[in-house]
Structures are given as structure tokens and as C-alpha cells.
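First up is the structure itself, then whatever we jot down about it.
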Protein chains: 2
Amino acid sequence: MGRDRATLADVARRAGLSKTAASMVLNGREGTRLSAEAHQRVFAAAEELGYRPNVAARSLRTRKTATIAFVSDIVATTRFAGGLIRGALDASRERDHVLLITETQGDAAFEQYAIEAILDRQVDGVIYAAMATRRLAVPPAILGGPVVLLNATSPEQLPCVLPDDERAGAMVAETLLAQGHRDRIALIGRNRQKERDPEISLAAEARLRGIRDTLTAAGVSLCAEVFSPEWLSEHGYAAMRTLLDRPTRPSAVICMNDRLAFGAYQALGEAGLTIPGDISVLSFDDDPIAGWLRPGLSTAALPHEQMGRRAVEILLDGEGKGPWLVPMPLRRRRSVAAPAD
Amino acid sequence: MGRDRATLADVARRAGLSKTAASMVLNGREGTRLSAEAHQRVFAAAEELGYRPNVAARSLRTRKTATIAFVSDIVATTRFAGGLIRGALDASRERDHVLLITETQGDAAFEQYAIEAILDRQVDGVIYAAMATRRLAVPPAILGGPVVLLNATSPEQLPCVLPDDERAGAMVAETLLAQGHRDRIALIGRNRQKERDPEISLAAEARLRGIRDTLTAAGVSLCAEVFSPEWLSEHGYAAMRTLLDRPTRPSAVICMNDRLAFGAYQALGEAGLTIPGDISVLSFDDDPIAGWLRPGLSTAALPHEQMGRRAVEILLDGEGKGPWLVPMPLRRRRSVAAPAD
DNA sequence: CTGTTAGCGCTTTCAT
DNA sequence: ATGAAAGCGCTAACAG
């Protein structure tokens with residue numbers, strides 16, 4: 001891998017100057033002005049030799065590696081989180097940095113390994129990401145340098161990037177209100193654990209609050225709230241069946257995530273009900289399946305890519321503490337209409 | 001990030017030995033035997049100081065970085081490919097290596113950037129991955145060092161890791177045969193482009209061959225083959241409708257991927273047909289939704305994690321050229337039964 | 001304004 | 001059996 005590369009000494013020799021001079025020119029140092037002609041010669045030599053600096057050598061001297069560590073509990077390999085990495089990758093490239101990716105899988109030994117690997121390589125900063133939006137404990141060892149939390153907060157009040165779930169909740173409710181839904185709006189996916197324990201979820205409580213406050217402000221309240229042990233499709237299915245067994249059928253259902261909505265669709269389909277003719281469905285996340293469903297599911301999108309970008313921007317451009325809330329845009333598809341009534 | 005770290009000199013001083021001795025002990029050099037007591041002292045000193053070697057300094061000397069570049073066209077941020085990275089990450093960790101991840105997004109400028117970033121950092125090897133199993137052109141610049149192709153082949157005959165799609169096709173067909181399906185097996189997802197152009201897909205042709213050969217060997221042939229412009233859910237939906245419009249309904253349908261199968265499920269649901277009672281469905285990929293569907297979709301799983309592992313094993317342990325075919329296990333869920341007849 | 005020199009932290013001859 | 005010294009390629013003091 002890349003042997004026989006031209007070194008700075010080669011460039012300097014060819015340009016007929018010292019290494020120092022070459023180094024300064026190549027790094028665009030302002031302070032010391034070499035002759036314009038010297039600049040030309042150095043650039044030409046570098047060009048001809050295909051010179052590229054050796055990062056290891058440079059870091060040894062400068063203690064900068066142009067490398068960012070992306071550490072996640074498990075997010076890196078999750079369907080949801082591709083966007084997080086994608087965004088971080090793009091923003092890193094724009095700033096001439098590169099990403100070292102690591103996964104702890106929630107395992108202490110793995111985390112230890114990740115941290116050592118990172119420290120040994122003298123990365124310039126760490127992005128610590130969580131799969132589910134939540135509060136977490138950052139290992140003290142990485143606190144020695146710049147850290148940004150992605151999709152997470154921590155007791156230490158580190159700078160962090162989060163999706164704006166509360167605003168998303170509000171938008172979802174507003175959308176339903178705007179279509180004329182009032183007293184027959186149901187909610188699927190209430191979950192005490194998620195709502196109470198910030199180490200499990202920050203999203204549940206925020207989404208719920210956004211929905212509730214908006215509805216309340218309009219003088220409306222939810223006609224039903226179904227709890228689910230998890231936010232999986234089978235729970236959405238069961239919850240929707242529960243709802244359909246009641247005497248009065250809801251005109252609209254808000255699901256706490258797309259997976260629940262997926263299950264709800266199944267139950268609706270089996271019951272011979274149509275969306276949005278009989279019931280409107282609205283949800284959160286914008287999982288890829290939201291677009292595969294018939295009709296397409298309207299949902300507040302987790303802005304993964306934006307979040308990933310933000311994280312490296314904050315890390316590298318250092319913009320204070322935040323927290324930075326990234327808006328969750330509502331993807332309008334065809335699952336919402338005015339109530340049949 | 002990690003300033004004030006103890007250096008080898010600190011360890012040596014504390015152990016009352018030279019840097020040389022300390023280095024040798026810490027690296028477990030065999031040739032030269034220092035006294036057992038010297039070993040003890042060095043280890044103790046390193047332990048007490050929390051010594052960790054500086055990777056940059058070491059690489060400068062050894063030209064090894066314990067870092068692998070994972071370059072992909074776009075796979076890194078795709079729902080499908082999480083497993084590829086996960087497997088590579090696990091295998092890397094086991095070998096004390098770390099992954100530098102990069103995405104070209106099929107863009108020449110990005111690829112150029114990725115290559116330079118990699119070369120500048122003197123990575124020990126490159127894993128070049130593709131999202132869709134296909135043949136691709138490896139940029140010559142990275143041919144200077146070890147390279148393994150992941151989910152791809154190349155004209156240069158580089159070592160590569162691929163899913164065993166042909167065998168998977170055979171298993172799918174065998175499964176149907178074993179259930180008693182014979183002359184009413186249909187196929188959804190034929191696609192001339194994918195089947196003909198290895199730069200687009202290697203999977204289409206292999207899966208088809210596996211299916212055909214197995215069926216032929218049993219004296220059976222497909223009762224219908226529906227073409228699709230792409231392998232998306234809407235195409236699966238349309239294809240299934242086409243099938244249902246025919247005079248004789250198939251007893252089983254093989255879909256070239258889960259997305260098509262997802263669409264087929266929708267069409268079947270709308271037509272009031274049940275799976276597997278009326279029609280069995282079998283597919284490829286094992287996308288997460290396969291488990292969310294009702295009934296669960298039986299499908300030949302792309303062994304992403306295994307493939308990712310294999311790639312780094314081959315890269316680091318150097319085991320010849322391959323190609324290495326990784327088996328695609330059949331996930332048996334509830335979408336297959338004996339024909340109603 | 002330019003070049004020489006001294007390391008960054010580590011491994012590796014080569015003497016002792 | 002152990003240590004001194006020489007770099008790996010680069011940048012930053014410091015002279016000239």
C-alpha cells in the first residue's frame with residue numbers, strides 16, 4: 001500500500017530548496033513569505049512527483065490526524081443509522097477528514113477496545129452516537145478531547161445533536177387537525193418505560209408532549225391511547241385490533257413509529273378498512289418501508305443525514321454546546337385524508 | 001485527545017532499562033532473551049504508567065497502521081449493508097485492527113478523495129465493497145497493496161467474497177419441490193439487464209440458474225416468468241396481479257428479492273388470497289421486513305455479516321484468491337406450504 | 001527571507 | 001544479554 005511515495009525531501013530537492021521551505025509553501029503558511037517563484041517551483045515539483053504528505057509523520061509532529069472517531073452503541077450497522085454515517089462522512093470529506101468507525105454493541109469490553117484504539121491513534125475528536133435517541137454515559141477516557149453526542153445526551157452536558165421530536169409531534173397533530181379530525185384521534189405506542197426513562201428513550205416523551213400540547217391547544221383530546229410493550233410491528237397490529245374492537249372507530253391513528261404503523265396497516269387490511277378513506281394513519285421515523293406501503297405512509301422523518309452532518313460540523317467548527325435540535329420534516333404521502341364523517 | 005500519555009521512554013526509565021529493551025519486551029520479541037526479571041519490570045512499569053504505544057510513531061517506523069480501509073460504492077449507508085460492516089468490524093477487532101470507512105457514492109471525485117485519504121494514511125489493506133453483487137472496476141491506485149473485493153468481482157481476478165446465489169436458488173426450488181409443488185411454480189423478477197450485465201448484477205443470473213437447474217433436474221419447469229424493470233415493491237405488486245389475472249393460478253411464487261415479495265403480498269392481500277394456503281411465497285435477501293410480514297416470509301438470507309468477516313480474514317490472513325462463496329441460509333418462516341390441490 | 005537543526009515516539013541495526 | 005544510535009517523514013525553533 002503506497003510504497004515508493006515521494007517524500008517532502010524529494011520535493012525540496014527537486015525544487016532546489018530546503019524541506020522547510022517546501023513544507024511552508026505546501027502548507028500555505030502566511031507568516032513567512034517565500035518568493036513567488038519559489039512557490040511555483042515547489043508546487044511544480046510536488047505535482048510532478050505526485051507528492052502526498054505522510055499523515056503518520058505529520059501527526060507525530062503536530063498531534064493532529066485529520067481523523068474523527070465515530071463510536072456508536074450499535075447504530076453503525078442498523079438500517080436506521082446509515083444516514084447518520086452518510087451525513088458524517090460527507091461533512092468530514094468536506095473538511096478533509098476521515099472517519100474511524102467503531103461499535104461497542106453495548107459491551108464493556110468492546111467499548112474498552114474502541115476507546116484504546118481511538119486514543120492510540122490520536123484522533124482529533126469523537127462522535128459518540130446512539131441508536132435510539134436517549135441519554136447515555138460517556139466513558140471518561142474520551143473526555144480528554146472534543147466530543148459530540150449524536151442522537152444522545154449525557155449528564156455531562158456535552159454538545160449534542162438531537163432530532164426535534166417534540167416539534168414533530170406537534171406537526172403530526174397539526175396535520176390531523178388541519179384535515180378536520182377532532183375527537184376521534186387515537187394514539188398507538190404509549191409506553192411508560194420509554195416515556196419515563198431517558199436512558200431508554202428521549203423520543204417517546206417528546207413526541208407525546210408535542211402531540212398532546214397541540215391537541216390541547218385546539219381544545220381536543222385523544223380518544224384512545226394504546227400501550228405497547230415495544231414499538232414493533234406485531235404490537236402495532238395488536239393495538240389496532242384493540243382499537244377496532246371498540247364501539248366507536250377512530251377517524252385517525254397516530255403511531256409512535258413506522259414499525260407500529262406497519263402493523264396497524266396489516267390489521268386494517270385484514271379488517272377490510274381502507275386508508276385513508278376509513279382511517280388516516282400518521283407516524284414517525286420515515287423508515288424505508290413507509291414508501292413501500294400502499295398507500296404510502298405519511299410520517300415525520302428522522303433527519304439522520306442532517307444529524308450526522310451537524311455532529312461533525314460542531315465537532316470541527318466548535319460552535320458551543322447546543323443542544324442542537326434538527327427538524328424532522330413531515331413526509332406527506334397518501335395515508336391522511338379528512339374524516340369520512 | 002490523549003495528551004500526556006506515557007511514552008516508551010517513560011516506561012524504560014521507570015523499569016531502569018533502555019528503550020530498546022522495553023520495546024522488545026512489550027512486543028514480545030523472541031530472538032533476544034532479556035532476563036525474566038527485566039520482563040517483569042517492564043510490564044509493571046507499563047501497567048503503572050498506563051502505557052499505550054503511539055500508533056503514528058510506530059507506523060512511521062514499521063509502515064504498518066493496523067488500519068483497514070473499507071471503501072464502498074454506497075453500501076456503507078444502506079440498510080442492507082449494515083451487516084457487511086458489522087462483520088468486518090468484528091473480525092477486525094479480533095485481529096486488533098480498526099476500520100477506516102469511506103464511500104464513493106459512485107462519484108469519481110469522491111472516489112479520488114477516498115483513495116488519497118487511504119494512501120496518505122498508509123492503511124494495511126483495502127476492502128472494496130459493492131452494494132449490489134456485481135463486477136466492478138477497481139481504481140488502479142489501490143492495487144499497490146492487499147485488496148479484497150466484497151460482494152463484487154473484478155476483471156483483475158482479485159480475491160473476492162460473494163454470496164452463493166446459485167446454491168440459494170437451488171435451495172429455494174428444492175424447498176418448493178419438497179412441499180409437493182410441481183407445475184404451477186411462477187417466478188417474479190426476471191430482468192434481462194440484471195441477468196446479462198455483470199456490472200449491474202451477478203445475483204440475478206445465478207439465482208435464476210440455481211432455480212432452473214434444480215427444477216429441470218426434477219422434470220419440472222416454471223409455469224410463468226414475470227419480468228420487472230426493477231426489483232421494487234410496486235413491481236412485485238404489478239407482477240403478482242398479472243399472475244392472478246391468468247386462467248390458472250400458481251400454487252407458489254418465487255420472488256427474486258424480498259422487496260418484490262413485499263409487493264406480491266400486497267396484491268395477494270387485496271385479492272383476498274391467503275399465504276401460504278392459496279399460494280406459497282419464497283424469496284431472497286432476508287430483508288428485515290421479511291420478519292414483519294404476516295405470515296413471515298421464507299427467504300434465502302444474504303449472509304452479510306459472514307461476508308464482512310470473511311473479507312477481513314482473507315485480507316489479513318491472506319488465504320489465496322477465492323472466489324469465496326458464502327452460503328445463503330434459508331430462513332424458514334410461514335409463507336410456504338403444500339399446494340392446496 | 002531562507003536553511004540548519006532538533007525532535008515527535010517508535011523500532012532496529014549494530015556495538016558492547 | 002543489553003544499550004546507543006540511527007532514522008521513519010514531517011514541522012517548528014532557531015540561526016544565518
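Note on naming: letters A, B, ... go to the chains in the order of the sequence lines (proteins, then strands), and numbering restarts at 1 for each one.
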For [X], check salt bridge (Lys or Arg N to Asp or Glu O under 4.0 Å) against everything at least two apart and list the hits.
X         : result
Arg121(A) : none
Glu111(A) : none
Asp90(A)  : Arg93(A)

- Where each pair must be Watson-Crick or G-U wobble with both distances under 3.5 Å, what dot-bracket representation of DNA chain D is obtained, with crossing pairs in [ ] and other-strand partners as |? ||||||||||||||||
Can you measure [X] atom [atom1] to [N] atom [atom2] for me and round it to whole angstrom units?
X         : N       : atom1 : atom2 : value
Lys19(A)  : dA12(D) : NZ    : P     : 13 Å
Arg121(A) : dC8(C)  : CZ    : P     : 22 Å
Arg41(A)  : dT2(C)  : CZ    : C1'   : 12 Å
Met24(B)  : dT11(C) : CE    : P     : 11 Å
Asp10(B)  : dC8(C)  : CG    : C1'   : 13 Å
Arg13(B)  : dG3(D)  : CZ    : C1'   : 15 Å
Leu26(A)  : dT11(D) : CG    : C1'   : 12 Å
Arg63(A)  : dC10(D) : CZ    : C1'   : 14 Å

Can you identify which nucleotide, out of [options], has its nearest atom closest to the [X] side chain?
X        : options                  : answer
Thr7(A)  : dC10(C), dG9(D), dA4(D)  : dG9(D)
Leu8(B)  : dA4(D), dT11(C), dC10(D) : dT11(C)
Thr20(A) : dG3(D), dC10(C), dT5(C)  : dT5(C)
Ala21(B) : dC8(C), dG3(D), dT11(D)  : dG3(D)

- Message: Looking at Ser23(B), I'd like to know whether one of its side-chain N or O atoms comes within less than 4.0 Å of OP1 or OP2 on dT11(C).
- Response: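 Yes, because at least one side-chain N or O of Ser23(B) sits under 4.0 Å from OP1 or OP2 of dT11(C).
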- Can you sort out which residues in residues 46-61 of chain A have a heavy atom within less than 4.0 Å of DNA chain C? Ascending by number, please.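 Correct list: Leu60(A), Arg61(A).
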- Item | Between CG on residue Leu149(B) and CD1 on residue Ile314(B), distance to nearest 0.5 Å |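 So the CG of Leu149(B) and the CD1 of Ile314(B) are separated by 10.5 Å.
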Acceptor/donor pairs from residues 130-142 of chain B side chains to any protein atom, 3.5 angstrom cut, sequence neighbours excluded:
residue: Thr133(B); atom: OG1; partner: Asn151(B); partner atom: OD1; Å: 2.6
residue: Arg134(B); atom: NH1; partner: Glu199(B); partner atom: O; Å: 3.2

- Task: Report yes if a donor N or O on one partner sits less than 3.5 Å from an acceptor N or O on the other, where the partners are the side chain of Thr62(A) and the base of dA12(D); otherwise report no.
- Result: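 Check fails, no donor-acceptor contact within cut-off.
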- Could you tell me whether the side chain of Leu100(A) reaches within less than 4.5 Å of the side chain of Phe70(A), counting heavy atoms only?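 Answer no - side chains too far apart.
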- Is it the case that Asp124(A) and Thr65(A) place a side-chain donor and acceptor less than 3.5 Å from each other?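 Note: Asp124(A) and Thr65(A) side chains meet the donor-acceptor criterion.
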- Query: Less than 4.0 Å between a side-chain N and a carboxylate O, is that true for Asp317(A) and Arg95(A)?
  - Reply: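 Result for this pair is yes, salt bridge flagged.
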- Query: Has the side chain of Ser18(B) got a donor or acceptor atom that lies under 3.5 Å from a matching backbone atom of Ala21(B)?
  - Reply: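 Here the side-chain-to-backbone pair exists.
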